[in-house]
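For this chain, numbers begin at 1 and follow the sequence in order.
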Amino acid sequence: MSLFHFLGVKFPYRWRCCSKKFSFQNTRMKTWRQRNMIAAVLLLCAVLALCSDDMETPACGSSYEAACLTPADYLNPSAPISKVLAVGEKLVISLEGLSGSPVCHWIRGEDRVMTARNGSQSMVTSPLSETDSGEYTLTCDSNNAAMFSTTVILHVMKRPTKPQLMLDGVDVSDTNPLFKCVSEGFPNPTITWSGNKVGQWSFKGSDGRTQGTISSTEYYNRGMMCCATNAEGQECSQLYDYDLESSVMNKDEVSTVTLSEGQSLLLRCRVKGYSLRSPVWEKGGRLLNARTLSCKPEEEEEMCIKNDSHYNVRMAYLSIRSVREEHSGTYTCTSTNKTPKSVHVHVSDEVSLSAQLDETKIISAQEASSTCLQATVSYHPVLQHCSWETPDKKRTKCVRETWVTQHRTVKLCDPLISGDYTLHLEAGGQKETKTISVCVVDEPKFNFLFNKDDGTINLETASLLPANYTWMFCSKSNDSCETDSSWDEVPNASNTVSETDSNFSCNKPIKSSVSKDVVKGDQFRFCLTNSVGSCPPTYNNLMLLKVSSLILLLTWL
């Protein structure tokens with residue numbers, strides 16, 4: 001119940017209708033109602049002023065805003081308190097329930113991060129990032145006497161890192177190597193393989209590191225991708241595979257690869273034939289010797305080559321566990337009587353981030369629950385954060401593509417409302433925002449009022465701009481007004497409202513009136529057309545409108 005309802009304040013009645021129904025709005029108000037409404041507004045302002053301090057503290061538990069920690073619930077903890085938060089959330093440490101006026105400290109290591117004193121009711125952190133994960137100490141004392149001290153461990157959820165994809169088991173004779181995929185994140189990510197192949201994976205330590213392996217024979221004749229997934233999202237890496245049996249680049253074969261320093265690179269080319277030797281790799285025209293660069297187990301070699309075969313397919317792998325700038329260049333794979341294939345590798349630590357998003361989007365109310373907002377993004381090295389901010393200031397994680405090494409589009413697929421939506425992006429510490437104005441257009445509602453003083457018929461509605469409208473009348477009997485040819489336009493009663501008439505072009509209030517003297521008949525209609533469509537004509541009986549308005553007027557007085 002609103003404050004105005006609680007105080008018994010009433011506002012002018014309004015009857016709304018469309019089609020064959022009618023509307024009337026009384027604009028007079030009694031003096032006592034005016035006084036009550038003013039008093040209610042003043043009281044509401046006073047209440048809001050008293051509550052303003054509390055309103056600055058974010059609401060606990062709301063998505064992407066804040067999570068709460070109440071020390072009064074943990075006065076005698078038997079173990080450290082563990083809190084899991086999302087990136088961008090704030091932690092509100094509520095001091096309610098503690099006796100007296102304690103002085104409390106939020107400490108990390110030897111640094112006092114925050115202090116609450118003089119009866120403060122809470123401490124609020126800044127929006128958290130992955131680097132804020134760790135162990136904290138919360139202490140409170142009153143009158144220089146220690147009340148309690150407790151350990152709090154924060155876990156800020158972290159997207160999986162881009163997986164390190166490399167070869168494993170290279171020293172086992174007469175056995176094909178394994179693909180190994182390693183990623184970190186919180187919660188611990190799971191490792192999955194393209195084609196729904198089942199491999200082995202396990203958690204490694206408390207740092208959120210997960211390692212997965214699968215036999216390379218599962219993918220001896222096609223490309224492969226491994227993905228690390230947790231509640232915060234998914235990141236993938238791929239084997240760059242080249243089939244020399246085809247003289248042209250296949251659709252899945254990549255001609256350019258861009259990596260950041262420290263990322264892994266795994267290339268492979270293959271040919272068919274039992275009698276053929278394994279293909280060979282070159283870099284910038286220089287042969288890479290498979291013997292001197294052979295892969296060895298558990299060694300952090302800069303670059304290695306592994307020859308392999310399965311059935312009648314001969315393969316040559318080129319693996320770099322951790323790329324550096326000097327690994328940039330063109331790598332070419334060749335084989336006897338086969339067309340060579342090349343890939344250009346570019347290793348860069350330059351940060352780039354851009355997005356393309358329409359400035360406006362207009363949809364009907366019927367489409368609002370099934371329409372997605374979509375932006376095209378380009379970034380390097382990794383798109384760390386992506387969220388949409390709605391007109392009512394709520395944050396929602398972006399919907400991203402799955403099973404891709406680079407996200408090209410990001411979406412919001414929640415039911416849309418009218419207003420500005422903001423896309424928030426971050427890559428490599430660089431941030432970018434884009435805004436789109438959404439207009440959700442419903443079928444217009446019409447309010448009619450007959451003014452008995454000057455004999456005019458008045459109409460109020462709201463519409464998307466630009467819009468055209470016109471008044472029409474039918475002077476024939478009711479049974480003969482069903483076709484468009486039976487209706488005539490009221491002279492000088494049509495108009496066009498353009499977007500330049502107002503900055504608020506989504507639901508622009510429109511008022512129009514026509515004199516009853518120019519409506520040459522008992523029936524009239526008002527029709528409005530905008531870019532979404534033409535609304536169904538609104539029909540009204542002029543004589544009934546006059547009588548109804550008079551009855552309503554007498555009832556109100």
Might you point out which heavy atoms bring [X] and [Y] nearest each other, and give the distance in Å?
X: Cys295; Y: Val170; value: O-CG2, 3.8 Å
X: Val182; Y: Gln211; value: CG2-CG, 4.0 Å
X: Cys386; Y: Leu425; value: SG-CD2, 3.4 Å
X: Leu259; Y: Ser264; value: CD1-O, 3.9 Å
X: Pro279; Y: Ala316; value: O-CB, 3.3 Å
X: Tyr317; Y: Pro177; value: CE1-CG, 4.4 Å

Main-chain N/O of [Y] paired to [X] side chain as donor or acceptor, under 3.5 Å:
X: Ser418; Y: Val440; answer: yes
X: Trp388; Y: Arg395; answer: no
X: Tyr136; Y: Thr150; answer: no
X: Asn230; Y: Glu232; answer: yes
X: Ser319; Y: Leu266; answer: no
X: Thr390; Y: Lys394; answer: yes
X: Lys445; Y: Glu443; answer: yes
X: Tyr219; Y: Ser215; answer: no
X: Gln384; Y: Gly428; answer: yes
X: Tyr379; Y: His407; answer: yes

I'd like to check [X] versus [Y] (side-chain heavy atoms, cut-off strictly below 4.5 Å). Are they in contact?
X: Lys361; Y: Ser437; answer: no
X: Asp252; Y: Arg222; answer: no
X: Gln121; Y: Ser94; answer: no
X: Trp403; Y: Thr192; answer: yes
X: Thr461; Y: Tyr469; answer: no
X: Leu423; Y: Ser387; answer: no
X: Cys333; Y: Tyr242; answer: no
X: Ser237; Y: Thr405; answer: no

Verify side-chain contact (heavy atoms from CB on, under 4.5 Å) between Ser260 and His380, making sure each step is shown before the conclusion. CA-CA 8 Å; Ser260 295; His380 182 78; 3.1 Å; yes
Would Tyr331 and Trp281 count as a close aromatic pair, with their ring centres under 6.0 Å? no
So, are [X] and [Y] salt-bridged, with charged N and O less than 4.0 Å apart?
X: Arg270; Y: Asp241; result: yes
X: Glu282; Y: Arg286; result: no
X: Glu401; Y: Arg408; result: no
X: Arg321; Y: Glu302; result: no

His105 and side-chain hydrogen bond (donor to acceptor under 3.5 Å, both in side chains): which single residue from Thr137, Thr115, Thr139 fits? Thr115
Residues 340-353, side-chain donor-acceptor partners within the protein, below 3.5 Å, at least two apart:
from	atom 1	to	atom 2	distance (Å)
Lys341	NZ	Asp243	O	2.7
Lys341	NZ	Ser246	O	3.2
Lys341	NZ	Val248	O	2.9
Lys341	NZ	Glu253	OE1	2.8
Lys341	NZ	Glu253	OE2	3.3
Ser342	OG	Thr332	OG1	2.6
His344	ND1	Thr330	OG1	3.2
Ser348	OG	Glu350	N	3.0
Asp349	OD1	Glu261	N	3.3

Val152 vs Leu69, test: side-chain contact (heavy atoms from CB on, under 4.5 Å). Steps then yes/no. CA-CA 10 Å; Val152 181; Leu69 171 63; 4.0 Å; yes
Should the SG-SG distance of Cys226 and Cys236 be recorded as below 2.5 Å? no
What's the spacing between [X] [atom1] and [Y] [atom2] if we round to 0.5 Å?
X: Cys506; Y: Leu465; atom1: SG; atom2: CG; value: 9.0 Å
X: Phe148; Y: Tyr74; atom1: CZ; atom2: OH; value: 11.5 Å
X: Leu464; Y: Ser364; atom1: CG; atom2: OG; value: 11.5 Å
X: Ile305; Y: Leu318; atom1: CD1; atom2: CG; value: 5.0 Å
X: Leu154; Y: Glu89; atom1: CG; atom2: CD; value: 11.0 Å
X: Ser183; Y: Glu235; atom1: OG; atom2: CD; value: 8.0 Å

Is it the case that atom CD in Glu359 sees more than 12 heavy atoms from other parts of the structure closer than 6.0 Å? no
Does CD in Gln200 sit with more than 12 non-hydrogen atoms of other residues, nucleotides or ligands closer than 6.0 Å? no
Determine the interplanar angle of the Tyr220 and His310 rings, folded into 0 to 90°, and report it as parallel if under 30°, tilted if 30 to 60°, perpendicular if over 60°. perpendicular
Audit row: Ile436, Leu373, side-chain contact (heavy atoms from CB on, under 4.5 Å) steps and yes/no: CA-CA 9 Å; Ile436 180 173; Leu373 297 182; 4.0 Å; yes
Pair Val410, Leu383 - check side-chain contact (heavy atoms from CB on, under 4.5 Å), show working. CA-CA 11 Å; Val410 294; Leu383 187 59; 4.3 Å; yes
Thr435 and Asp420: side-chain hydrogen bond (donor to acceptor under 3.5 Å, both in side chains), yes or no, with the steps? CA-CA 6 Å; Thr435 300; Asp420 289 343; over 6 Å; no
From CA spacing to verdict: side-chain hydrogen bond (donor to acceptor under 3.5 Å, both in side chains), Gln234, Thr229: CA-CA 4 Å; Gln234 182 188 81; Thr229 309; 3.1 Å; yes
Any chance you could lay out the side-chain hydrogen bond (donor to acceptor under 3.5 Å, both in side chains) test for Thr217 and Asn176, step after step, and finish with the verdict? CA-CA 7 Å; Thr217 59; Asn176 301 98; 5.2 Å; no
